[in-house]
**Student:** 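This is the structure I have questions about; it appears just below.
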Amino acid sequence: MNTKNTAFATAIICWQKRYGRHNLPWQCDNPYHIWLSEIMLQQTQVTTMLPYYQRFLRRFPDVHRLARAHTESVMAVWSGLGYYARARHLHATAKIIACKGFPQNAASWQTLPGVGKSTAAAITIFAGGGHHAILDGNVKRVLTRVFAIEQPTNKAATIHTLWKLADSLLPTHNIKPYTQGLMDLGATVCVRVSPRCEACPLSKQCLARQRGIERRLPHRSPRPIKSVRHIAMALIYHHNKVWLQKRPHAGIWGGLWSLPEKEATADLRDYCCKKFGDTLTPREEMAFTHTFTHYHLHAKVLCYACYKPPTSSPTAKWMQKGALADAALPAPIKKLLLAFFAP
DNA sequence: AACCCGGGGTT
DNA sequence: AACCCAGGGTT
């Protein structure tokens, strides 16, 4: 019978002790700090999120302060960090926690908005008591390489295999340094391009390295070709202000402020005419393209000067050009507006 | 600028 | 199980 692979965990725990990160501000026993850090670390590196983390905690020192805050101020503090759905989910979860207290196990954590299986596992491990596998991008990379898993990692069956493998590798003790070590190793040594195998504690047991295929892993099956989608947007300005609409929470750029948008330019002109009447003067046209996972978005932007603006409403408002940089806008819209108002 | 990537949510 | 969404990193 094959014995349990303890060499993997042992090597990581030992490496973590000497080379891992030990002084991160959320390495404490405050579940609020740990939860916030894990959300901010989704799709984001430590060096990027660190100043945001500090700023966020100064503004919202505990979960009750966060729960009581207005969504707008949460989004404003999050501004610049990207992936704004994380901020919306964080706020929604804060309200639940303020009412019902912090979850006491991973399964309960995972029912909360923005907390998936891996994040729930990490939070409960670092907050103390949890004993679960994690499987984020770093861990996937380490596992597919050390065990030479060549199946495409964007397939459910492979993900399932990786979870099983991660479960089987869990050590009985030292779960915190093990988990932190796995994350740190993937982030600093077993990186996607140019892995630093000479500095890796697993290099001797790494099957991908033995076979010389570490750079080809993890493997993904190709994605379908992207289509192109055309839309029309209106940039309506009044002195140094621009007319923005709040987007619905579902769909792209959910909950962010953006320009009025229609499928076709004719529809857009109709809308502008109805909304602003003859107070609008057509100016130049602009355009941009933005690529999503599944399609290229091509936007034609009709610019109008407006001399008599309508008043704001909950879902539409005028924004000063000075407020654009810190506002919750989609990245391409922010870029376009900053360019438009640039001196 | 093109290409690659990966977390949670939705269907 | 497959697809959707978002923005940063790398080349």
Side-chain angles (χ1 to χ4, degrees), chain A residues 35-52 75 78-93 106-107 109-123 133-145 151-163 166 182-183 186-188 190-196 215-229 231 247-258 288-299 328-336:
Chain A
W35 162 53
L36 175 64
S37 74
E38 287 301 329
I39 300 302
M40 283 192 167
L41 284 167
Q42 289 170 355
Q43 319 277 54
T44 310
Q45 297 185 355
V46 169
T47 52
T48 304
M49 61 76 91
L50 205 43
Y52 291 90
M75 300 305 273
W78 197 274
S79 179
L81 197 50
Y83 300 103
Y84 295 93
R86 293 185 299 174
R88 283 203 315 279
H89 290 144
L90 190 82
H91 194 209
T93 291
W109 269 108
Q110 206 189 325
T111 65
L112 297 172
V115 181
K117 188 177 179 185
S118 190
T119 300
I123 292 171
I134 61 164
L135 190 66
D136 64 6
N138 289 326
V139 180
K140 278 181 194 158
R141 203 161 50 247
V142 172
L143 293 185
T144 52
R145 284 174 175 167
Q151 289 91 344
T153 55
N154 54 341
K155 295 295 176 192
T158 313
I159 302 288
H160 183 75
T161 301
L162 289 169
W163 272 113
L182 254 183
M183 292 171 160
T188 64
C190 194
V191 292
R192 189 168 66 87
V193 284
S194 310
R196 302 166 48 226
R215 283 160 186 271
R216 296 212 302 272
L217 296 179
H219 169 74
R220 264 160 273 271
S221 53
R223 302 185 185 209
I225 309 271
K226 295 183 177 73
S227 58
V228 182
R229 191 177 156 232
I231 59 165
R247 298 184 61 91
H249 285 297
I252 67 166
W253 301 332
L256 302 190
W257 292 92
S258 186
F288 69 88
T289 52
H290 184 75
T291 301
F292 293 96
T293 311
H294 289 82
Y295 62 92
H296 304 282
L297 181 72
H298 186 89
L329 309 172
I333 301 296
K334 184 178 285 193
K335 189 177 161 192
L336 177 95

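A quick note: this is a predicted structure, and the numbers were derived from the prediction, not measured. A, B, ... follow the sequence lines: proteins, then strands. Residue 1 opens every chain.
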**Student:** Starting at the 5' end of DNA chain B, which residue's closest nucleotide do you reach first, A/Thr153 or A/Leu112?
**Tutor:** A/Thr153
**Student:** Map A/Ala157 and A/Pro330 onto DNA chain C by nearest heavy atom, then report which one ends up closer to the 5' terminus.
**Tutor:** A/Ala157
**Student:** Below 4.0 angstrom from OP1 or OP2 of B/dC5, is there any side-chain N or O of A/Lys140?
**Tutor:** no
**Student:** May I ask you to decide if A/Met40's main-chain N or O and A/Arg86's side chain share a donor-acceptor pair within less than 3.5 Å?
**Tutor:** yes
**Student:** Would you say A/Thr48 reaches C/dG8's phosphate, i.e. side-chain N/O to OP1/OP2 under 4.0 Å?
**Tutor:** no
**Student:** When the distance from NE2 of A/His290 to C1' of C/dG8 is rounded to whole Å, what number comes out?
**Tutor:** 11 Å
**Student:** Nearest to the side chain of A/Val193, heavy atoms from C-beta on, is which of B/dG9, B/dG7, C/dT11?
**Tutor:** C/dT11
**Student:** What is the distance, rounded to the nearest whole Å, between atom CZ of A/Arg216 and atom P of B/dC4?
**Tutor:** 16 Å
**Student:** Classify the side-chain pair A/Ser221/A/Asn154 by whether it contains a donor and acceptor separated by less than 3.5 Å.
**Tutor:** yes
**Student:** Please state how far atom CH2 in A/Trp163 lies from atom C1' in B/dG7, giving the value in whole angstrom units.
**Tutor:** 11 Å
**Student:** Roughly, in whole Å, what's the span from NE2 in A/His219 to P in B/dC5?
**Tutor:** 10 Å
**Student:** Starting at the 5' end of DNA chain C and moving along, which residue's nearest nucleotide shows up first, A/Lys155 or A/Ala85?
**Tutor:** A/Lys155
**Student:** Looking at every strand, decide which applies to A/Asp136 at a 4.0 Å heavy-atom threshold: base, sugar-phosphate, or nothing.
**Tutor:** sugar-phosphate
**Student:** Among B/dG9, B/dC4, B/dG7, which nucleotide has an atom closest to any side-chain atom of A/Arg192?
**Tutor:** B/dC4
**Student:** At 4.0 Å (heavy atoms only), tell me whether A/Arg86 reaches a base, stays on the sugar-phosphate, or touches nothing.
**Tutor:** nothing
**Student:** Could you tell me the separation between the CG atom of A/Leu217 and the P atom of B/dC4, rounded to a whole number of Å?
**Tutor:** 16 Å
**Student:** Hey, does A/His219 have a side-chain heavy atom less than 4.5 Å from the side chain of A/Gln151?
**Tutor:** no
**Student:** Using whole Å, what does the distance between atom P of nucleotide C/dC5 and atom CD of A/Gln42 come to?
**Tutor:** 19 Å
**Student:** Among C/dG7, C/dA2, C/dG9, which nucleotide has an atom closest to any side-chain atom of A/Gln45?
**Tutor:** C/dG9
**Student:** What is the distance, to the nearest angstrom, from the CZ atom on A/Arg88 to the P atom on B/dG7?
**Tutor:** 19 Å
**Student:** For A/Arg220 and B/dG7, what is the distance between atoms CZ and P respectively, to the nearest whole Å?
**Tutor:** 9 Å
**Student:** At their closest point, which heavy atom of A/Ile123 faces which heavy atom of A/Val115, and how far apart are they?
**Tutor:** CD1-CG1, 4.5 Å
**Student:** Under 3.5 Å, is there a donor-acceptor pair between the side chain of A/Thr44 and the main chain of A/Gln42?
**Tutor:** yes
**Student:** Within 45 degrees of the axis of the six-membered ring of A/Trp109 and under 6.0 Å from its centre: does A/Lys117 put its NZ or CZ there?
**Tutor:** no
**Student:** Okay, side chain of A/Trp78, backbone of A/Gly82: is any donor-acceptor separation there less than 3.5 Å?
**Tutor:** yes
**Student:** Which nucleotide in the set B/dG9, C/dA1, B/dG7 lies at the smallest distance from any side-chain heavy atom of A/Gln43?
**Tutor:** B/dG7
**Student:** For DNA chain C, what string of dots and brackets results from 5' to 3' when Watson-Crick and G-U pairs need both distances under 3.5 Å, crossing pairs get [ ], and pairs with another strand get |?
**Tutor:** |||||.|||||
**Student:** Here's a test of your reading of the structure: between A/Tyr83 and A/Pro113, which maps to the more 5' nucleotide of DNA chain B?
**Tutor:** A/Tyr83
**Student:** Compare the minimum distances between each of B/dG7, C/dA2, C/dG7 and the side chain of A/Thr119, then state the nucleotide with the smallest one.
**Tutor:** B/dG7
**Student:** Kindly say whether A/Val193 contributes a backbone atom to a donor-acceptor pair with the side chain of A/Arg215 at under 3.5 angstrom?
**Tutor:** no
